[in-house]
Amino acid sequence: MKASSYPLFTQKNDPSDAEIISHKLMLKAGLIRQQSTGQYSFLPIGYRVLKKIENIIRDEMDSIGSAEILMPSVQPSELWQESGRWGTYGLELLRLNDRHDRKYCLGPTFEEVITDLVRKDLNSYKQLPLNMYQISTKFRDEIRPRFGIMRAREFIMKDAYSFHINEKCLDNWYQNYKDAYNNIFKRLQLDYTMVDADSGNIGGSKSNEFHVLAEAGEDDLLIDEKGIGTNFEIAKAKYGSNDIEKIVNENNLIHKKGIEVGHIFKLGDKYSKSMGLSIADADLNVNHLQMGCYGIGVSRIVAAAIEQNYDEKGIIWPKSISPFQFALIEIDGHKNESVRSFSNEIYQTMKRNSVEIILDDRNAKLGNKLHDWELMGVPNIAIIGKKEAQNNIVTFKKRSGSEKESLSADQLISKLDTD
RNA sequence: CGGGGUGUAGCGCAGCUUGGUAGCGCGGCUGGUUUGGGACCAGUAGGUCGUAGGUUCGAAUCCUAUCACCCCGACCA
């Protein structure tokens, strides 16, 4: 990519409508723009980050054998009537009518749709277990959306669903997803923790949440000396108190704030029973299928990652999800042919070596360019001016540090690889 | 839904108390001078002051209604 022809929307002024750091930086660095309350467009830089996260998730889902699908976001009310949630889900479910006055909702979650899908196509227990996921837009009509994409009405979520002949198989797969989630959050290079949680509106017997630890988090987590955590929501019942300070002191717990970025559920037969999804097993016993569902707030992770990785200059992306790995800044390339050609040479070399590079060939001053890339959080930055072009070197600096060093093209490549 | 706040140029804001027909910084564009961490000078474009109604000779300013957005709470996950 070359910055001169790539849409960048950084702003110099702090946005006025943002409170928490991730929201401010996402607006300022030009990752998102608000469309209306709780609804945002992703601009090119923001969307690149989002896709990085999606692809890590895809990779880990694929590796445990969960297959990607895509379901319609407008869902017929009949399915929700069957599951019983048309009446119980509440105002968070955005309902709408089509031209024939048939009732629909915008999907906040997809248990009904996928259960319907599977019951129509499942013929034999031998096809089980089934594991499928999608990455798609979800809509929840939150009473009060806030903090940018952290609590949006419209957001990107990965939701996986599993179907099993018995509980033992569900247990095994629940563990598979748990392992995959740990891999995902490790690869995202985020400081996170898993806790026991309340399964709420989704239902089921057992659920665990994955939280990115950050002060801006809306959840209170209680963690014991063994590192086992509980969401305060269910800790209230467990310890018989609403006083979080008291619970923490009496039970020797640590209190941390978390951003819920993942939630996995053992649903059991809640949906298979209400929606009639059953099959005969090898002994000809007909059972309702055991189900699990496994969500990750993909767009929320973008914000959560920023809450954990920033400084006074802007975002500092973990390498795994940075929009670019490397920003190469040329100084006055439009006026200096040797600078331009050397920059292009380095740019092509990097591309040949599969480095995700953006060449900043804009007609702007060095300071402006540096401020932009530091704001956007790209981990590696290098500069090429007259001096560098003459000596076949680049001046390299990491986003996270302040020292600069002179490197040859070869040295630069190994520097980036070992970052 | 209750409480608080904000809507004025692309972004950030002043002006409103005390009505007289809109301004500042940043950004944009043009020209020139600059050029290694957000340059300088000159010029220039850009706003039915959220919307509707009312009061008035006259409304960004006063009154009423309404809409949007932000924050706290309730709620939800």
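Values reported hereafter were calculated over all heavy atoms of this structure, with side chains retained and with hydrogens, waters and symmetry mates removed. All chains are named by letter (A, B, ...) in the order of the sequence lines, taking the proteins before the strands, and each is independently numbered beginning at 1.
Pairing for B:G7 goes to B:C67, judged as Watson-Crick or G-U wobble with the two contacts each under 3.5 Å. Shown here, B:U30 forms a base pair with B:A42; the pair counts as Watson-Crick or G-U wobble because both key distances fall under 3.5 Å. Across all strands shown, B:G23 forms a Watson-Crick or G-U wobble pair, both distances under 3.5 Å, with B:C13. Applying the Watson-Crick and G-U wobble criteria (two distances, each under 3.5 Å), B:G2 pairs with B:C72. In this entry B:U48 has no Watson-Crick or G-U wobble partner, no candidate having both defining distances under 3.5 Å. If you check B:A60 for Watson-Crick or wobble pairing at under 3.5 angstrom, you find it has no partner at all.
Ranking B:C75, B:G25, B:A77 by closeness to the A:Arg146 side chain, first place goes to B:C75. Closest to the A:Lys335 side chain, of the nucleotides B:U34, B:C75, B:C13, is B:U34. Taking only side-chain atoms of A:Glu374, from C-beta outward, the nucleotide of B:G38, B:G37, B:C11 with the closest atom is B:G37. With B:G37, B:G73, B:A77 as the candidates, the nucleotide lying closest to the side chain of A:Glu260 is B:A77. Across B:G38, B:G36, B:G12, the shortest atom-to-atom separation from the side chain of A:Lys387 is found for B:G36. Of all nucleotides listed (B:G38, B:C70, B:A77), B:C70 comes nearest to the side chain of A:Tyr40. Checked against B:G36, B:A77, B:G37, the side chain of A:His371 finds its nearest nucleotide in B:G37. Listed candidates were B:C26, B:G37, B:G36. Nearest to the side chain of A:Lys397 is B:G37. With B:G37, B:C69, B:C76 as the choices, the nucleotide that has an atom nearest any side-chain atom of A:Arg151 turns out to be B:C76. Checking B:G36, B:C69, B:C11 against the side-chain heavy atoms of A:Thr395 singles out B:G36 as nearest.
Atom pair A:Leu27:CG and B:C69:C1' shows a separation of 13 Å (rounding to whole Å applied).
Residue A:Thr37 places no side-chain N or O under 4.0 Å from the OP1 or OP2 atom of B:A68. Contact check, A:Arg144 against B:C72: a side-chain N or O comes under 4.0 Å of OP1 or OP2. Between B:C70 and A:Gln34, a contact under 4.0 Å exists linking OP1 or OP2 to a side-chain N or O. The phosphate of B:G27 (OP1 or OP2) has a side-chain N or O of A:Lys12 nearer than 4.0 angstrom.
Contacts of A:Lys369 with the nucleic acid, taken as non-hydrogen atoms under 4.0 Å apart, are absent. Using a 4.0 Å heavy-atom criterion, one finds that A:Ile383 contacts the bases of the nucleic acid, with or without backbone contacts as well. When heavy atoms are screened at a 4.0 angstrom cut-off, A:Asp14 is found touching the sugar-phosphate backbone but no base atom. Among the protein residues, A:Tyr89 comes within range of no part of the nucleic acid, since none of its heavy atoms lies under 4.0 Å from any strand. Across all strands shown, A:Asp17 has heavy atoms under 4.0 Å from sugar-phosphate atoms exclusively, and none from any base.
Projected onto RNA chain B by closest heavy-atom contact, A:Gln35 and A:His263 fall at different nucleotides, the more 5' of which corresponds to A:Gln35. Place A:Lys28 and A:Glu19 on RNA chain B by their nearest nucleotides, and A:Lys28 ends up nearer the 5' end.
At a cut-off of 3.5 angstrom, the base of B:G36 holds no donor-acceptor pair with the side chain of A:Glu330. Counting atom types as modelled, A:Lys386 pairs no side-chain N or O with a base atom of B:U35 as donor and acceptor under 3.5 Å. For B:G37, the base has a donor-acceptor partner in the side chain of A:Lys404 [N/O atoms by modelled type, under 3.5 angstrom].
For the side-chain contact (heavy atoms from CB on, under 4.5 Å) with A:Phe210, the lone residue among A:Ile296, A:Ile264, A:Thr193 that qualifies is A:Ile264.
For the pair A:Lys138 and A:Phe155, the cation does not sit on the ring face, since its NZ or CZ is not both under 6.0 Å from the ring centre and inside 45° of the axis. Judged by the 6.0 Å distance and 45° axis criteria, A:Arg95 is not positioned over the aromatic ring of A:Trp80.
A:Asp62 and A:Tyr133 are linked by a side-chain donor-acceptor pair at a separation below 3.5 angstrom, with hydrogens and angles left out of the test.
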Quiz item: Step by step, would you call A:Asp219 with A:Lys257 a salt bridge (Lys or Arg N to Asp or Glu O under 4.0 Å)?
Solution: CA-CA 6 Å; A:Asp219 287 277; A:Lys257 285 284 188 181; over 6 Å; no
Practice problem: Please test A:Lys28 against A:Asp14 for salt bridge (Lys or Arg N to Asp or Glu O under 4.0 Å), starting from the C-alpha separation and ending with a verdict. | Solution: CA-CA 6 Å; A:Lys28 195 172 180 183; A:Asp14 282 332; 3.0 Å; yes
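In this structure, A:Glu405 pairs ionically with A:Lys415, as a charged nitrogen and a carboxylate oxygen lie closer than 4.0 Å.
Nucleotides B:A68 and B:C24 are separated by 26 Å at their C1' atoms, to the nearest Å. Nucleotides B:G47 and B:A42, compared at atom P, are 24 Å apart to the nearest Å. B:C13 and B:G7 have their C1' atoms separated by 13 Å, with the value rounded to a whole Å. Spacing of P atoms, B:A52 relative to B:A60, comes out at 12 Å, to the nearest Å.
Looking at residues two or more places apart in sequence or on another chain, you find a salt bridge (Lys or Arg N to Asp or Glu O under 4.0 Å) between A:Lys313 and A:Glu374.
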